[in-house]
Amino acid sequence: MSSLLSLVATTALVCGVLASPATSDASTFHPIPGLNVAAKSARKLYFGTATNSEQWNDTTYFNILKNNAEFGQVTPANVMKWFATEPEEGVFTFQDGDIIADFTERTGKLLRGHNCVWHNQLPDWLENGTFSPSELAFIVSRHCFNLVSHYKGHVCTWDVINEAFNDDGTFRSDIFFNTLNTTYIPLALYAARAADPKAKLYINDFNIEGIGAKATALKNLIKWLKSENVPIDGVGLQSHFEVGGVPPTLQQNIEEFVALGLEVAITELDIRFTSLPPTAAGIAQQKKDYETVIAACNAVEKCVGVTVWDFTDKYSWIPGTFPGQGSACPWTEDFVKKPAYEGIIEGFQTHGH
């Protein structure tokens, strides 16, 4: 991998300081050439997207992706996950992640690490292995330390813990919880902090966007972590919504997480139709929903940025996971901007904090 040092100083500065406001008259809304420009004009750090490098052979896709007016941040969708980075026990491979890291270095985009500990997409040796608590504790700490250390100084933010809860607020049953109870969470966070003291450390999850049992459980975990001086900097709201299903308590919930001393990011936004093709009314509702999500983040100073889980329906994960559903992204499969795109712009132009 080419040297990542050239952007370290710049990245550290941008990661730690909110963008300056635009100098134009804030009372007059002008057309804004790009989602990232709109986000930074609203004093957010970035507007970003998830991506997979195998999609970059698609020239139209790649030209939009690399345009910093549209995207100032990138999240690797898969290649930093456990199966890709430690496919054999104690054997670490970063080549695929390095491709995306080098791309962000060349283009000046921020890089989010995703993710350190998750119950899904685990390598066979881990998923099917049998480990004592002490063995698994060592494995978790080693993995988090080596992964975060490899990208030290370049990754701004890590999703250290991903999807730790069930929807009812109980902890998810997986190899980590079943073997270590909740102790794997501070283990992972301590290892990540030791590996890169300047990176922001997040817990990331879905169905925590609105006030409810799952969000409350995470708030209680955050309070406990802070009481034990465990490093935790932020919460990622994945925000995989259905059209018409944005929680009405989204902004209040963001404010409650921030009140715990955290920053918040919208980390995996898409808003899908549950039946296709979309109706005209549905398309209008999707635009409104994107605007609502962005406006909620815009209204809270410590909601630092928004990332969509890829920007075009051509590469959306939704149809493969929810058959018969889709059209969730701001661009169509043919790379035409939808009304949802304008909804994002309008959300950033609402009266913010």
Side-chain angles (χ1 to χ4, degrees), residues 35 47-52 55 61 64 75 77-78 114 118-121 159 162-170 172 204-218 235-254 264-297 306-347:
L35 302 179
F47 189 92
T49 183
T51 191
N52 291 293
Q55 298 158 197
Y61 175 90
I64 297 172
T75 302
N78 289 295
H114 181 81
W118 186 33
H119 69 94
N120 207 351
Q121 290 184 267
D159 293 324
N162 198 49
E163 300 178 5
F165 289 98
N166 298 310
D167 283 347
D168 65 0
T170 58
R172 182 186 295 276
N204 188 54
D205 216 325
F206 63 94
N207 289 348
I208 59 166
E209 298 85 5
I211 290 172
K214 193 173 188 180
T216 297
L218 179 52
V235 166
L237 309 181
Q238 290 187 12
S239 304
H240 297 295
F241 297 128
E242 296 177 357
V243 170
V246 176
T249 55
L250 175 59
Q251 182 181 326
Q252 179 185 347
N253 197 43
I254 293 172
V264 172
I266 307 293
T267 55
E268 304 183 18
L269 177 63
D270 49 33
I271 305 178
R272 68 185 183 271
F273 290 91
T274 56
S275 61
L276 298 171
T279 64
I283 291 169
Q285 181 65 50
Q286 186 187 51
K287 175 185 176 181
K288 181 180 178 182
D289 288 344
Y290 267 101
E291 180 181 356
T292 297
V293 174
I294 301 304
C297 180
V306 178
T307 305
V308 289
W309 207 245
D310 227 320
F311 62 88
T312 167
D313 293 333
K314 184 174 183 179
Y315 299 114
S316 172
W317 71 292
I318 295 292
T321 304
F322 302 99
Q325 303 185 33
S327 193
C329 301
W331 276 261
T332 69
E333 292 185 2
D334 298 322
F335 301 102
V336 176
K337 295 173 183 176
K338 301 179 188 177
Y341 181 98
E342 294 302 320
I344 295 170
I345 297 288
E346 291 168 14

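Side-chain atoms are counted along with the backbone in the values below, which use heavy atoms only and exclude waters and symmetry mates.
- Between the side chain of Gln286 and the backbone N or O of Ile271 there is at least one donor-acceptor pair closer than 3.5 Å.
- Side-chain atoms of Asp289 and Phe241, non-hydrogen and from C-beta on, never get closer than 4.5 Å to each other.
- Contact detail for Ala77 and Ala50: the closest heavy-atom pair is CB-CB, 4.3 Å.
- A pairwise comparison of heavy atoms in Gly169 and Ala217 identifies O-CB, 3.2 Å as the closest pair.
- A donor and an acceptor atom, one from each side chain of Thr170 and Asn166, are located under 3.5 Å apart.
- Note on residues 318-332: no pairs pass salt bridge (Lys or Arg N to Asp or Glu O under 4.0 Å), not counting sequence neighbours.
- Listed here is the closest heavy atom pair of Phe165 and Arg172: O-NH2, 3.6 Å.
- A distance of 9.5 Å separates OG1 of Thr279 from CD of Gln285, quoted to the nearest 0.5 Å.
- Of the possible donor and acceptor atoms, none in the side chain of Lys287 sits under 3.5 Å from a partner among the backbone N and O of Lys338.
- Taking the ring centroids of Trp309 and Tyr315, they lie at or beyond the 6.0 Å cut-off.
- Going from atom CD1 of Ile344 over to atom CD1 of Ile294 covers 5.5 Å, rounded to the nearest 0.5 Å.
- Contact check for Thr292 versus Leu250: no side-chain heavy atoms found under the 4.5 Å cut-off.
- The line from NZ of Lys337 to CD1 of Ile345 is 7.5 Å long, rounded to the nearest 0.5 Å.
- Remark: the backbone N or O of His114 is not paired with any side-chain donor or acceptor of Asp159 at under 3.5 angstrom.
- Minimum heavy-atom separation, Ile266 to Cys297: CG1-CB, 4.3 Å.
- For Lys288, the NZ atom counts as loosely surrounded, since its 6.0 Å shell holds 12 or fewer non-hydrogen atoms of other residues, nucleotides or ligands.
- With hydrogens and angles ignored, the 3.5 Å screen pairs a side-chain donor or acceptor of Asp313 with a backbone N or O of Ala328.
- Although no hydrogens or angles enter the test, the distance criterion places no donor-acceptor pair under 3.5 Å between the side chain of Asp270 and the main chain of Asp310.
- Contact annotation: the side chain of Tyr290 never approaches that of Glu346 to less than 4.5 Å [non-hydrogen atoms, C-beta and beyond].
- Here the side chains of Val308 and Phe47 are in contact, with some heavy-atom distance below 4.5 Å.
- Close placement of the Tyr61 and Phe311 rings is indicated, their centers lying within 6.0 Å of each other.
- A distance-only check finds no donor-acceptor pair linking the side chain of Glu342 to the backbone of Ala340 [under 3.5 Å].
- When side chains are defined from C-beta on, His240 does not count as touching Phe322, because their heavy atoms never get closer than 4.5 Å.
- Without hydrogens or angle criteria, Glu209 side chain to Ser239 main chain gives a donor-acceptor distance under 3.5 Å.
- The shortest non-hydrogen separation linking Pro339 to Ile283 is CG-CG2, 3.6 Å.
- Side-chain contact between Glu163 and Asn120: absent, with no pair of heavy atoms (C-beta onward) separated by less than 4.5 Å.
- Note: Phe273 CZ to Ile318 CD1 = 12.0 Å, rounded to the nearest 0.5 Å.
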> So Gln121 and Asn78, side chain to side chain contact (heavy atoms under 4.5 Å, CB included) or not? Walk me through it.
Replying inline: CA-CA 9 Å; Gln121 290 184 267; Asn78 289 295; 3.1 Å; yes

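- Side-chain contact annotation: Gln325 with Glu242, donor-acceptor N/O pair under 3.5 Å absent.
- For Thr332 and Asp334, the side-chain atoms include no donor-acceptor pair closer than 3.5 Å.
- Note that CG of Leu237 is 6.5 Å distant from OG1 of Thr267, once rounded to the nearest 0.5 Å.
- Separation of atoms SG (Cys329) and OH (Tyr341) is listed at 14.5 Å; rounding is to 0.5 Å.
- In terms of heavy-atom proximity, Lys214 sits nearest to Phe206 at NZ-O, 2.9 Å.
- Residues Val306 and Leu35 fail the side-chain proximity criterion, which asks for heavy atoms closer than 4.5 Å.
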